[in-house]
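Report on one structure; see the data block that follows.
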Amino acid sequence: QVQMVESGGGLVQTGGSLRLSCIVSGTTFDGYAMGWFRQAPGKEREGVSCINWSSGKTLYSDSVKDRFFVSRDNAKNTVYLEIDNLEPEDTATYYCAAESQSGTWCYLSQYEYTYWGQGTQVTVSS
């Protein structure tokens, strides 16, 4: 059973930075796609970044490119999302997700993912 636990959210001021973590357990991760999503109140869940555990291939949505950076630490079974120059529009609950048998690819569509964490709240004050 794949389990994921996010952490690292909080209240920060505009222009600040955060690093979100997603600790993954319950499987070996070869070929897994790992995605980061966010959902603000009243809005649809949005894919912001992803990484393939094996290949390291990454993708970013246009709305966060150059401010969001995804990485993984194989030894710690952890995927990170570093967010720089935070904006009030980044306020949302952030989720990590996992999908097996993804080859060398990853996805920004929530419909491609089977496993989800519980989310961590990021609030950016202006």
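Along the sequence shown, residues carry numbers from 1.
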Tell me the closest heavy-atom pair linking [X] and [Y], and the distance in Å.
| X | Y | result |
| --- | --- | --- |
| Thr120 | Gly8 | OG1-N, 4.1 Å |
| Gly35 | Cys50 | CA-CB, 3.9 Å |
| Asn52 | Cys106 | N-CB, 4.0 Å |
| Gly47 | Ser61 | O-CB, 3.5 Å |

Within-4.5 Å side-chain heavy-atom neighbours: [X] and [Y]:
| X | Y | result |
| --- | --- | --- |
| Val48 | Tyr60 | no |
| Val122 | Leu18 | yes |
| Met34 | Ile51 | yes |
| Glu46 | Phe37 | no |
| Tyr115 | Gln3 | no |
| Val2 | Val24 | yes |
| Phe68 | Trp36 | no |

Do [X] and [Y] have side-chain N/O donor and acceptor atoms under 3.5 Å apart?
| X | Y | answer |
| --- | --- | --- |
| Ser125 | Gln13 | no |
| Thr27 | Gln1 | no |
| Glu99 | Thr114 | yes |

Hits for salt bridge (Lys or Arg N to Asp or Glu O under 4.0 Å) against Glu87, two or more places apart or cross-chain, chain-then-number order -> Arg67

Just to verify, what does Asp62 make a salt bridge (Lys or Arg N to Asp or Glu O under 4.0 Å) with, not counting sequence neighbours?
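With sequence neighbours excluded, Asp62 shows a salt bridge (Lys or Arg N to Asp or Glu O under 4.0 Å) to Lys65, given in chain and number order.
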
Which value, rounded to the nearest 0.5 Å, describes the distance between [X] atom [atom1] and [Y] atom [atom2]?
| X | Y | atom1 | atom2 | value |
| --- | --- | --- | --- | --- |
| Gln118 | Glu6 | CD | CD | 4.5 Å |
| Cys96 | Leu20 | SG | CG | 9.5 Å |
| Thr58 | Arg72 | OG1 | CZ | 10.0 Å |
| Cys22 | Met4 | SG | CE | 5.5 Å |

Side-chain donor/acceptor pairs under 3.5 Å, residues 77-86, sequence neighbours excluded:
unit_1	atom_1	unit_2	atom_2	d
Thr78	OG1	Lys76	O	2.7
Asp84	OD1	Ser17	OG	3.3

Whether the side chain of [X] engages the backbone of [Y] through a donor-acceptor N/O pair (distance < 3.5 Å, no angle test) should be reported.
| X | Y | result |
| --- | --- | --- |
| Ser21 | Ser7 | no |
| Ser109 | Tyr111 | yes |
| Ser54 | Thr104 | no |

Taking CH2 in Trp105 as the centre, count heavy atoms belonging to other residues, nucleotides or ligands within less than 6.0 Å. Is the count above 12?
no

A quick test of your reading: do over 12 heavy atoms of other residues, nucleotides or ligands sit less than 6.0 Å from CG of Asn74?
yes

Show the numbers, then the answer: is there a side chain to side chain donor-acceptor pair (under 3.5 Å) between Thr93 and Gln121?
CA-CA 4 Å; Thr93 302; Gln121 178 67 36; 2.8 Å; yes

Take Tyr95 and Arg38 through the test side chain to side chain contact (heavy atoms under 4.5 Å, CB included) and record every step on the way to the result.
CA-CA 6 Å; Tyr95 300 89; Arg38 67 184 180 184; over 6 Å; no

Mind checking whether Tyr113 and Tyr107 have parallel, tilted or perpendicular rings, split at 30° and 60°?
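Tyr113 vs Tyr107 ring planes: perpendicular.
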
Partners of Phe29 by ring-ring contact (aromatic ring centres under 6.0 Å, His included), sequence neighbours excluded?
Tyr32, Trp53

Residues in ring-ring contact (aromatic ring centres under 6.0 Å, His included) with Tyr94, at least two apart?
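Checked Tyr94 against ring-ring contact (aromatic ring centres under 6.0 Å, His included); zero matches.
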
Residue pairs, two or more places apart or on separate chains, that pass salt bridge (Lys or Arg N to Asp or Glu O under 4.0 Å) and touch residues 105-118:
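Listed once each, the pairs would be none.
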
